[in-house]
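Have a look at the structure below, then the notes.
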Amino acid sequence: MNLLTRARRPARRGRAHSGRGGGLAAHLREPTQVVFLALLGLVAVGWVLVALDGGQFLTMESVVGIQQRSAALGIVAIGQTLAILAGSLDLSVAYLISLSSLVAAEIMAGQDGNVGPAIAAVLAISALVGLVNGLVITRLQVHAFIATLGVALIIKGIVDHLYDGPAGKVPESFQLLGYSRIGPIPVSALLWAGVAVVAWFLLSRTRLGYRIYAVGGNEEVARLSGIRTGRVIVLTHVLCSVCAGIAGLLLASRLGAGAPTVGTDGGYDLESIAAVVLGGTALAGGKGGVAGTVGGVLLLAVLDTIFNQLEVNSFVKDVVRGVVIVIAVAVYARRGTRRSA
């Protein structure tokens, strides 16, 4: 019996125990409950504020808008969750989104028959970028912040050199991904839900998921238990970049073309990290999950909707969003301190 097998058994007993109300899983669920309670509170506050301003908050148009607004960020944030859970992060996602939209639009060039090759090319390029990020972090021992920032600047240089503005053309059939709906639910929201379900299954039902939590919790202990920690980190970065590529495809479908600034204008690098943190995932890794990230993304989307309906200026928006993130992190930190005491 190897060390990894022995290390995995206590984890299973811990999960079984947590089902009776204690243990690690119960501890990890609590931030998720907090963010969804905060989301319900924000909806109630937004309803009142918009009503006092003479408007209606949760109309069909606004609900659809929240779903569409949160889809691209949600997909990126799911990938970011995987990287952060492993004790890493990715600052290259915004520029990768821009590159992905350009590559997709140029290959499609308005032709329906080119949609498949364009998607394949985007996913391949995204996986390659994630592989580079992971190898720089694990093989060259460069901190994830610096490694992914460096890769981001490389992508930025390539995009700035090759493109001065929008390029390519997305066929109308592919634009349905960004704008069509099934009843009140946009197809883009279903895509985000599908990505979230796959990530949840990976984290909770696969060996890789156990290893991601182990590496993020304590990389040295995980290594001594027989886990190839470097491989786990590389895989999480590949998955994170693939999620960014999917978001780039979604945004290209909305714009009808590729845009060299669509990722950076949306602030998907820092916004995705903020959503993950709001969802209760620890930046140090090892604690958190997909459900909390979904709540964090929805919270940011609802907050934006309230601001837009109240016509709040951008300065106040940024200040309030920053305050919300700081308060959330402080609350989670205090809960963790009390529990350890």
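The chain is numbered in sequence order, starting from 1. What's counted below: heavy atoms across the whole structure, side chains too, no hydrogens, waters or symmetry copies.
- Partners of E61 under the salt bridge (charged side-chain N to carboxylate O under 4.0 Å, His left out) rule, at least two apart in sequence or in another chain, do not exist in this structure.
- Counting only distance, with no hydrogens or angles, the side chain of S272 and the backbone of Q80 share no donor-acceptor pair below 3.5 Å.
- Partners of D265 under the salt bridge (charged side-chain N to carboxylate O under 4.0 Å, His left out) rule, at least two apart in sequence or in another chain, do not exist in this structure.
- Between the OG1 atom in T261 and the CG atom in L102 there is a gap of 9.0 Å [rounded to 0.5 Å].
- In the model, S173 has a side-chain atom that pairs as donor or acceptor with a side-chain atom of D112 under 3.5 Å.
- A side-chain donor-acceptor contact under 3.5 Å links E106 and Y163.
- In this structure, CD1 on I227 lies 10.0 Å from CZ on R207, to the nearest 0.5 angstrom.
- Of all heavy-atom pairs spanning I233 and A86, the tightest one is CG1-O, 4.3 Å.
- Shortest non-hydrogen contact noted between V43 and V302 is CG2-CG1, 4.2 Å.
- Side-chain N/O atoms of T59 and S62 include a donor and acceptor closer than 3.5 Å.
- Residues A72 and A247 share a closest heavy-atom pair of O-CB, 3.9 Å.
- At a cut-off of 3.5 Å, with distance as the only test, no side-chain donor of T81 or T281 sits close to an acceptor on the other residue.
- Applying the salt bridge (charged side-chain N to carboxylate O under 4.0 Å, His left out) test to pairs two or more places apart or on separate chains, those with a residue in residues 154-165 are K156-D160.
- For the pair A105 and A257, the tightest heavy-atom approach, listed with the atom from each and the gap, is CB-C, 3.7 Å.
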